[in-house]
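Written below as structure tokens is the structure these notes are about.
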2 protein chains.
Amino acid sequence: MARPRSPLLSVDAIVTAALALVDETGDFSFPKVARRLGVSQSALYNHIANREHIVELMRGRVFATPAPVDCENLPWEEALRALVRTYRDCMVAHPRLVPLLITQTVQDLGVIGIYEDMAVVLERAGLARQAVVPAISAIDYLALGSALDLTGPEVVWAPPEGRFPALSRAIAGLGSVEERAEAAFAFGLDVLVAGVREQVLRTIH
Amino acid sequence: MARPRSPLLSVDAIVTAALALVDETGDFSFPKVARRLGVSQSALYNHIANREHIVELMRGRVFATPAPVDCENLPWEEALRALVRTYRDCMVAHPRLVPLLITQTVQDLGVIGIYEDMAVVLERAGLARQAVVPAISAIDYLALGSALDLTGPEVVWAPPEGRFPALSRAIAGLGSVEERAEAAFAFGLDVLVAGVREQVLRTIH
DNA sequence: ACCTGAACACCGTTCAAGT
DNA sequence: ACCTGAACACCGTTCAAGT
């Protein structure tokens, strides 16, 4: 069997298998993707260019789903919150993909579209032009970081007994990883929105 | 030559070689570290446990250097700013190490010490106890993200012509990667400090 | 204790060969 | 166009053997 009458493989099938592997094991490889699809390793190269390409396709898949935010008809604060929430939710659905996304330039137009939406909202809010990219970047760091935390173990910082009293106090009685990551995200988002509001007021007066 | 009269290798030498490789190439491997040190690959295992261990030792090395911040004698806002600055500076000195640090639990006591200092300052500022870890997390995301950005190419988001006007406007006339990462960090830090201040006021009244 | 060399089970990518 | 199988240059880790 060399060339089959109808293709055994497709870009979609490859991306699905790779993403499932990432969700289950935290990584993917060509041998494993090929094995899942019952195909030889080198066959993958008929549909994708290389490993980086698969990662970029996974990025596209993950950020393709969300319901669009109705930016124009919402007060800017609500629009921004909804956009950032949506953006983070996409990553929270596949937290183990985040480390792979982080080390690679964003080429997917869907994701760039989300940045565009944020830029529109921040502009409309009245944020100084040179502060728009810093604000989007800070938002990005927050969403990425708080999704990345879901990857880690129950206890990310494990301060040994006694030597770190303030940290131990702060950690005591905290919830699950999910709750803690959500709390950090909520805190950061509140603070960012408030910060943008203040910057806007200061620019006007 | 089997066992030499004085050891050819040391933990320090391994960490130095690995960190140099990361700085130069963005990654390290056992064969490459061994080649640098003129030694066989398996010899490394006489001094370190595994790859993860080397990464954790690099973390320790990178965060060991900074001059300690005099937290007690500074107003909390200045102390916090200095702490976060110092923390970020350590990573900015080795931005290509950040992707390796991010996927691994923090075990190094030096780094946990920095978190402890932040917890002390935030407690002293009067931040509600359950907000301390979220605040430190958000700070961490910001420092990590803005260091990570130094890794990327000159243009992280490359919006194609025309379709993303607000983003294109925002990007136009921005500085180098370093300047943009610094601007995002400065923006985020300002906003975080202001956010903590506001939370404190709200808790008191 | 500390090194070498061989071995093992993994990677990503290329390429000739087949239909 | 689309697949197989072999090949290549890489990985991390283990282990017997040597001093």
Side-chain angles (χ1 to χ4, degrees), chain A residues 1-59 96-97 99-105 107 151, chain B residues 1-59 96-97 99-105 107 151:
Chain A
M1 185 233 304
R3 163 145 130 92
R5 318 198 90 259
S6 78
L8 299 176
L9 241 39
S10 70
V11 172
D12 259 17
I14 293 172
V15 174
T16 302
L19 190 53
L21 277 165
V22 169
D23 285 340
E24 291 164 23
T25 71
D27 205 357
F28 78 100
S29 76
F30 281 78
K32 281 172 185 156
V33 170
R35 214 170 300 136
R36 286 233 168 181
L37 299 171
V39 102
S40 119
Q41 194 177 158
S42 54
L44 300 175
Y45 286 90
N46 288 306
H47 303 265
I48 50 89
N50 47 36
R51 188 182 157 89
E52 201 178 323
H53 187 197
I54 298 186
V55 172
E56 207 48 30
L57 290 167
M58 286 195 276
R59 193 199 303 272
R96 307 181 89 172
L97 180 62
L100 306 185
L101 298 182
I102 258 173
T103 44
Q104 216 166 274
T105 309
Q107 285 161 11
T151 295
Chain B
M1 184 234 301
R3 164 146 129 87
R5 317 196 92 260
S6 77
L8 299 176
L9 241 40
S10 69
V11 172
D12 259 17
I14 292 172
V15 174
T16 302
L19 189 53
L21 278 164
V22 169
D23 285 341
E24 290 163 24
T25 72
D27 205 357
F28 78 100
S29 76
F30 281 77
K32 281 172 185 157
V33 170
R35 213 171 300 137
R36 286 234 167 181
L37 298 171
V39 101
S40 119
Q41 193 178 159
S42 54
L44 300 175
Y45 286 92
N46 288 305
H47 302 266
I48 51 88
N50 49 35
R51 190 183 155 89
E52 199 178 325
H53 188 198
I54 297 185
V55 172
E56 208 47 31
L57 290 168
M58 287 196 275
R59 195 200 302 269
R96 307 181 88 174
L97 180 63
L100 305 186
L101 298 181
I102 258 171
T103 43
Q104 214 167 276
T105 309
Q107 284 161 10
T151 297

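In what follows, chains carry the letters A, B, and so on, assigned in the order in which the sequence lines appear, proteins first and then strands, with residues in each chain numbered from 1.
Straight-line distance from the OH atom of B:Y45 to the P atom of D:dA16: 16 Å, rounded to whole Å. Rounded to whole Å, the distance from CG on A:L44 to P on D:dG5 is 14 Å. Atom P of nucleotide D:dC11 and atom CD1 of B:I54 are separated by 13 Å, given to the nearest angstrom. Between the CG atom of A:L9 and the C1' atom of D:dC2 there is a distance of 9 Å, rounded to whole Å. Whole-Å rounding puts the B:Q41 CD to D:dA9 P distance at 16 Å. In this structure, B:I14 places its CD1 atom 8 Å from P of C:dC3, rounding to the nearest Å. The separation between B:L8 atom CG and D:dG18 atom P is 19 Å, rounded to whole Å. Here the C1' atom of nucleotide D:dC11 and the CZ atom of B:R35 are 11 Å apart, to the nearest Å.
With D:dC3, C:dC15, D:dG12 as the choices, the nucleotide that has an atom nearest any side-chain atom of A:P7 turns out to be D:dC3. Proximity note for B:V39 (side chain, C-beta onward) versus C:dT4, C:dT13, D:dT14: the nearest is C:dT4. Among D:dC3, D:dT13, C:dT14, the nucleotide with an atom closest to any side-chain atom of B:R51 is D:dT13. Among the nucleotides C:dC3, C:dA6, D:dG12, the one closest to any side-chain atom of B:N46 is C:dC3. Of the candidate nucleotides C:dT13, D:dT14, C:dC3, C:dT13 has the atom nearest to the side chain of A:N50.
When Watson-Crick and G-U wobble pairs are counted only if both distances are under 3.5 Å, C:dT19 pairs with D:dA1. When Watson-Crick and G-U wobble pairs are counted only if both distances are under 3.5 Å, D:dT14 pairs with C:dA6.
Side-chain contact check for B:Q104 and B:E52: no donor-acceptor pair (N or O, by modelled atom type) lies under 3.5 Å.
Note on A:H47: every side-chain N or O is 4.0 Å or more away from OP1 and OP2 of D:dA1. Within the structure, a side-chain polar atom (N or O) of A:S29 is placed less than 4.0 Å from OP1 or OP2 of C:dC11. In this model, the phosphate group of D:dC10 is not approached by any side-chain N or O of B:K32 to a distance below 4.0 Å at OP1 or OP2.
Note that B:R51 lies in the cation-pi zone of B:F28, set by a 6.0 Å cut-off to the ring centre and a 45° limit from the axis.
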Side chain to side chain contact (heavy atoms under 4.5 Å, CB included) for A:V22 and A:L100? Distances and angles first, verdict last.
CA-CA 9 Å; A:V22 169; A:L100 306 185; 3.9 Å; yes
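The residue among A:P31 and B:S42 whose nearest nucleotide of DNA chain C is located toward the 5' end is B:S42.
Here the side chains of B:L97 and B:L19 are in contact, with some heavy-atom distance below 4.5 Å. Between B:V11 and B:L57 there is a side-chain heavy-atom pair separated by less than 4.5 Å.
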